[in-house]
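In what follows, every chain begins at residue 1, and chains take the letters A, B, ... in the order their sequences are listed. Keep in mind it's a predicted model, so treat the numbers as computed, not measured. Worth knowing before you read on, the calculation uses all heavy atoms, side chains too, and leaves out hydrogens, waters and symmetry mates.
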Number of protein chains: 2
Amino acid sequence: MSVSKTAAAEGGRMGKEGAEAGAEGLALQLGELSELLGYSLKRAQLKIFEDFLRCVAPLQLTPAQFSVLLLLDRNPGRNQTEIASTLGILRPNFVAMLDGLESRDLCARIRSANDRRSHILELTDKGRAVLARAKKLVASKHEARLNELLGPANRAALLAMLTKIAQEF
Amino acid sequence: MSVSKTAAAEGGRMGKEGAEAGAEGLALQLGELSELLGYSLKRAQLKIFEDFLRCVAPLQLTPAQFSVLLLLDRNPGRNQTEIASTLGILRPNFVAMLDGLESRDLCARIRSANDRRSHILELTDKGRAVLARAKKLVASKHEARLNELLGPANRAALLAMLTKIAQEF
DNA sequence: GATAATTGTTATCCACCATATCAAATACCA
DNA sequence: TGGTATTTGATATGGTGGATAACAATTATC
C-alpha cells in the first residue's frame with residue numbers, strides 16, 4: 001500500500017510529531033495512525049464537540065440538544081418518532097432526552113388530535129429564545145473559530161466532504 | 001495550505017435536502033443543521049467507524065484496538081501509561097482493553113527491569129501477524145473505498161484539515 | 001370484529017469515558 | 001539515611017450514549 005505523504009507533510013508544522021525536547025522520554029511516533037482517516041476524524045470530532053460545549057456553555061446545551069431544537073424549529077407538527085429518526089436517535093433513547101428539554105420548558109409534547117398515540121413536538125417561547133441565543137453563540141464563537149483556522153473556502157470544502165461521506169459512504 | 005474546491009462543488013447535487021416524494025409524510029428539513037460542521041463530522045465519523053468494523057470484521061478488531069496494535073508496533077519498549085496517553089485513553093480504561101488484547105495473545109505485558117512498577121508492552125508474533133492482515137484489509141477495503149468516493153487529492157486534503165483541527169483547535 | 005402494526009415508554013444491557021483510590025515501586029530531599 | 005511525595009498499574013464506581021425486548025394504548029388492516 002502506497003500512501004501519499006503530502007498530507008502528513010502539511011499536517012504538522014514540525015518535522016517529527018510532538019517534538020518535546022523534555023527530560024528523558026521521547027515522544028511516541030504515530031506512524032501509520034496519522035494516515036488513518038478515521039483516527040483524525042474521531043479526534044477532530046472530539047475537539048469540535050468540546051469547543052461547541054464551551055461556546056454554548058451559558059445556555060447549557062449539548063450538540064444533540066441543539067440539533068433537536070433546530071429541527072423542531074424548522075419542522076413544526078412532527079412527532080417524536082419523526083424527529084428522533086432523522087437525527088439517528090433511537091426512540092427509546094429520545095424519551096429521556098425530551099424529558100430533559102421539556103422539564104426546562106424548552107419544548108412541549110402535545111397529544112395529537114388525529115392520532116392519539118403520538119406526541120406532536122413544539123418549541124416553547126423560551127425554547128425559541130434559547131435557540132436564537134444558541135445560534136448566535138455558535139455562529140460568533142464556534143463556527144467563527146473554525147473559519148479562522150481553516151478559512152471559509154476550506155471550511156466549505158471540509159463540510160461538503162463530510163456530508164458526502166455521511167450520505168454516500 | 002490550499003484545498004481544491006472540487007469536493008464542495010460535487011457535494012450538493014440537489015437543491016433541497018432529501019426530496020423524497022413518498023406517500024404522506026414529507027421528509028424533514030435539516031435546515032441549519034446541514035451547515036453545522038460538528039453535525040456532519042459526527043455522522044461521517046460514525047459511518048467511517050462502521051465501515052472500518054465491517055472491513056476488518058474477520059480479525060475482530062475495533063478501531064481503538066487497531067490503533068493500539070499500530071502504536072505498539074511502531075514504538076517498542078513503551079509502558080501502558082505512554083501508549084494510553086498518546087491515544088487519549090485514560091489509564092484506568094486502558095487496563096481492560098489490554099486485558100482483551102493480551103487474552104487473545106496479541107500483545108504481552110513485560111515487567112520492566114529498570115522500573116518494576118511499569119509494564120513494557122510488546123506485540124506477540126500473533127499480534128504482528130494480525131496487525132499485518134489488518135493493515136491490508138484497511139488499505140484494500142476501507143481506505144480504498146474512501147479514495148473511490150472522494151478521490152486521492154480530496155482525501156488527502158480532508159485528512160490534512162482534520163489533523164489540523166485535531167491538533168490546533 | 002379479530003389481528004397486525006404503530007407510538008411512546010420502561011427496563012435492561014453494553015461500550016465508553018471519567019474520577020477517586022489503592023498498593024507497590026520509585027523519586028525526591030532535608 | 002529516612003521520611004515524604006510521585007508514579008504505575010489496577011480496582012471500583014458513576015455517568016452517558018447507544019441498542020434490544022417488551023408493554024399498554026391506539027390505530028390500521030382485512
Test A/Leu61 against every option in A/Leu137, A/Val138, A/Leu53, A/Val130 by the side chain to side chain contact (heavy atoms under 4.5 Å, CB included) rule and name the one that passes.
A/Val130
Is the number of heavy atoms from other residues, nucleotides or ligands within 6.0 Å of CZ (B/Arg133) greater than 12?
no
For B/Arg145, which residues count as a side-chain hydrogen bond (donor to acceptor under 3.5 Å, both in side chains) partner, sequence neighbours excluded?
B/Asp51
Considering all heavy atoms of both residues, which atom of [X] and which atom of [Y] are nearest to each other, and what is their separation?
X       : Y        : answer
A/Ser34 : B/Leu159 : O-CD2, 3.6 Å
B/Gly88 : A/Arg43  : CA-NH2, 3.4 Å
B/Leu33 : B/Tyr39  : O-CD2, 3.6 Å
A/Lys47 : B/Phe169 : NZ-O, 3.2 Å

Per the under-4.0 Å heavy-atom filter, residues of residues 86-114 of chain B near DNA chain C come out as B/Leu90, B/Pro92, B/Asn93, B/Asn114
Flag side-chain contact, heavy atom, 4.5 Å: B/Lys135 against B/Asp73
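Counting from C-beta outward, B/Lys135 and B/Asp73 do come under 4.5 Å.
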Mind listing the residues from residues 43-76 of chain B sitting with a heavy atom below 4.0 Å of DNA chain D? Number order is fine.
none
Please tell me which of B/Arg117 and A/Asp115 maps to the more 5' nucleotide of DNA chain C, matching each residue to the nucleotide holding its nearest heavy atom.
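Closer to the 5' end of DNA chain C: A/Asp115.
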Listed by chain and number, what are the side chain to side chain contact (heavy atoms under 4.5 Å, CB included) partners of A/Leu46, not counting sequence neighbours?
A/Lys42
Taking 5' to 3' order, which nucleotide of DNA chain D is first and which is last to have an atom within less than 4.0 Å of a heavy atom in chain A?
D/dG18 to D/dT27
Do you know which of B/Arg109, B/Arg78, B/Gln80 makes side-chain hydrogen bond (donor to acceptor under 3.5 Å, both in side chains) with B/His119?
B/Gln80
Could you give the start and end, 5' to 3', of the contact zone on DNA chain C for chain B, using atoms under 4.0 Å from its heavy atoms?
C/dC17 to C/dT26
Go through it in stages, so that I can follow the logic: the residues are B/Ile48 and B/Leu146, the test is side chain to side chain contact (heavy atoms under 4.5 Å, CB included), and I'd like the CA-CA distance, side-chain angles, deciding distance and then a yes or no.
CA-CA 9 Å; B/Ile48 294 284; B/Leu146 261 168; 3.8 Å; yes
Hphob cluster co-occupancy, B/Met97 + B/Ile110, side-chain heavy atoms under 4.5 angstrom
no
